[in-house]
Protein chains: 2
Amino acid sequence: MAKAVARKQLPAGITPVIEDYLKTIYFMAQEQAQVKTTDVAKRLRVKPSSVTAMLKTLADLKLVEYRPYYGVALTPLGNQIALEVIRHHRLIELYLVKALGFSWDEVHEEAEVLEHVLSEKLEARIAAHLGDPTLDPHGDPIPALDGTLPETATMTLADAPLRKRLRVVRVRDQDAERLRYIATLGLVPGAHLRLIERAPFEGPVTVRIGKRVHALDSRLARTILVEEAPRHPS
Amino acid sequence: MAKAVARKQLPAGITPVIEDYLKTIYFMAQEQAQVKTTDVAKRLRVKPSSVTAMLKTLADLKLVEYRPYYGVALTPLGNQIALEVIRHHRLIELYLVKALGFSWDEVHEEAEVLEHVLSEKLEARIAAHLGDPTLDPHGDPIPALDGTLPETATMTLADAPLRKRLRVVRVRDQDAERLRYIATLGLVPGAHLRLIERAPFEGPVTVRIGKRVHALDSRLARTILVEEAPRHPS
DNA sequence: ACGGAAGTTTAGACCGATCTAAACTTCCGT
DNA sequence: ACGGAAGTTTAGATCGGTCTAAACTTCCGT
């Protein structure tokens, strides 16, 4: 009982909250050049002043480079920790689906909590049990132990070529409702489809999956990553 | 990200720390009539003054009955929460052994952390996956959802009858080192043995397990619960 | 080139959980 | 029956993480 949560090796005082900040900064850095206080605050649903305070703490711990009024960036150490947490998250998501029958829209929430308390030992057993997987249930790449991140396709359904045979490789969404909707369309990783039509002015996109045809909002289409599929059906 | 950890239904502000206090008080109450501040402090490895502070908090939350200078006892509500946490703990222990190949000496530590973050949904899936088990890997009973606790044998190896055929039903120890030792002796739940001799003055106890004979310290023997085994081998 | 809006940081407070040091109870042995 | 040791509680501090309110920067548009 009581005993402190032992953390692998490096820095001692890494709390779940710190892990969340690092993860957030990590994700935002690959969406925008400058990661700013307010952005972090919005994502984490805290006030900007709280973020400022935490950024100072993180800077003291050498986890981020923080320049007041300008922005923040992860140090190599901060980056490594972010990737470890993301690895935990995605391993857990996949495990819950594969081993315990969760659906892909349920696992994000669970993983959000568990990622912070997964011991190295448990992580290893889970990874082994899954055969050292590289993709989670949404097609998101699972960082390897050495911090390597398998890169995946970058073409979205919103700008894929018409008429070609495509395969869904990744669905970049964590909202349970939308994921359920997307699943009813059959737009899960591995699914094959063709882009029939793209309406102008960021309008909806029409796809055929099997025999069914669906119109998709372009914002939704932009969250679905695809690649050109090799000659003929699965 | 961020989102608060939603707790089932009843009281809102139940933190992991509170859960640990409740669990501790629960266990101590069945070992001794009076649960006193210092005892709790020792078990949780905090100072007595910290315990006093927390007991007041718990009393405000109607989780305990606290009488200064005398002692503390769980209310029905506190008891219920303690049992929920214990259920989590033991389900997790069993799951780690059955599903992920952990050994019985590794699981306590893991469960100690995970018990506080297990969602109701995950608990349900794990319980179902295990077929709604009633005993964890050490033979400790798993509280049912309704708070029912399957009672197990109370006869210890230290005061079991000589020469009779016995079966180990429970090993009341959480120390990894000792558990490993006990396992090498084959004294795991389900094992059969006979008590050969009991040295006087709380001296060691001699047992035969299969063909092997071992002398056990009486304190160790007292942590091993047995029952008389029905006619003939497993 | 400069004034104001938007964004950011500082100052100060709070809460949960812990600590140390000091005061207070309890109770046991004489 | 009472004095002291052991146990317990109070008082006040600290730490992590958050908040509000006020001050300060940045930068854009005129």
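The structure displayed is predicted, hence computed values, not measured ones. Letters go in sequence order (proteins before strands), and every chain restarts at 1.
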Judged by each residue's nearest nucleotide on DNA chain D, which is more toward the 5′ side, A/Tyr70 or B/Lys36?
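Going by which nucleotide is closer to the 5' end, it is B/Lys36.
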
On DNA chain D, compare the nucleotides closest to B/Lys56 and B/Lys42; which residue's is nearer the 5' end?
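Residue closer to the 5' terminus by nearest nucleotide: B/Lys42.
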
What integer distance in Å separates [X]:[atom1] from [N]:[atom2]?
| X | N | atom1 | atom2 | answer |
| --- | --- | --- | --- | --- |
| B/Asp60 | C/dG16 | CG | C1' | 13 Å |
| B/Met54 | D/dT10 | CE | C1' | 17 Å |
| B/Leu61 | C/dC15 | CG | C1' | 13 Å |
| A/Arg45 | D/dC19 | CZ | P | 12 Å |
| A/Leu63 | D/dG16 | CG | P | 14 Å |
| A/Tyr66 | C/dG7 | OH | C1' | 11 Å |
| B/Gln34 | D/dG7 | CD | C1' | 13 Å |
| A/Asp39 | C/dG7 | CG | P | 9 Å |

A quick test of your reading: do over 12 heavy atoms of other residues, nucleotides or ligands sit less than 6.0 Å from CD of B/Glu31?
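Result for CD/B/Glu31: enclosed.
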
If we ignore hydrogens and angles and just use 3.5 Å, is the side chain of [X] paired with the main-chain N or O of [Y] as donor and acceptor?
| X | Y | answer |
| --- | --- | --- |
| B/Arg90 | B/Pro141 | yes |
| B/Arg222 | B/Ala158 | no |
| A/Arg170 | A/Leu225 | no |

Stem list for DNA chain C, please, built from Watson-Crick and G-U wobble pairs under 3.5 Å and keeping only runs of at least 3.
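The stems are C:1-30 with D:1-30.
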
Out of [options], which nucleotide sits closest to the side chain of [X]?
| X | options | answer |
| --- | --- | --- |
| B/Thr37 | D/dT9, C/dA17, C/dC19 | D/dT9 |
| B/Tyr69 | D/dG17, C/dT25, C/dT9 | C/dT25 |
| B/Thr52 | D/dT25, D/dT9, C/dC19 | D/dT9 |
| A/Lys47 | D/dG16, D/dT9, D/dT20 | D/dT20 |
| A/Pro48 | D/dT18, D/dT9, C/dT9 | C/dT9 |

Can you give the donor-acceptor pairs under 3.5 Å from side chains of residues 47-64 of chain B to other protein atoms, not counting sequence neighbours?
residue: B/Thr52; atom: OG1; partner: B/Pro48; partner atom: O; Å: 3.2
residue: B/Thr57; atom: OG1; partner: B/Ala53; partner atom: O; Å: 3.2

Counting just side-chain N and O atoms, does A/Thr15 come under 4.0 Å of either OP1 or OP2 of D/dG16?
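For D/dG16, neither OP1 nor OP2 has a side-chain N or O of A/Thr15 closer than 4.0 Å.
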
Phosphate OP1/OP2 of C/dA17: any B/Thr57 side-chain N/O under 4.0 Å:
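Indeed not, no polar side-chain atom of B/Thr57 lies that close.
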
Does any N or O donor sit under 3.5 Å from an N or O acceptor when you compare the side chain of A/Ser49 with the base of D/dT18?
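A donor-acceptor contact between them is absent.
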
Please list all pairs passing the ring-ring contact (aromatic ring centres under 6.0 Å, His included) test where one or both residues lie in residues 128-152 of chain B, with sequence neighbours left out.
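Non-adjacent pairs meeting ring-ring contact (aromatic ring centres under 6.0 Å, His included): B/Tyr95-B/His129, B/Trp104-B/His138.
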
For ring pair (Phe, Tyr, Trp, His ring centres under 6.0 Å), just list the numbers for B/His88 and B/His116, CA-CA rounded to whole Å, side-chain angles, deciding distance to a tenth of an Å, and then say yes or no.
CA-CA 8 Å; B/His88 285 184; B/His116 303 298; 9.0 Å; no

Can you name the nearest heavy-atom pair linking B/Leu22 to B/Gly78, along with the distance?
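Closest approach of B/Leu22 to B/Gly78, heavy atoms only: CD1-O, 4.2 Å.
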
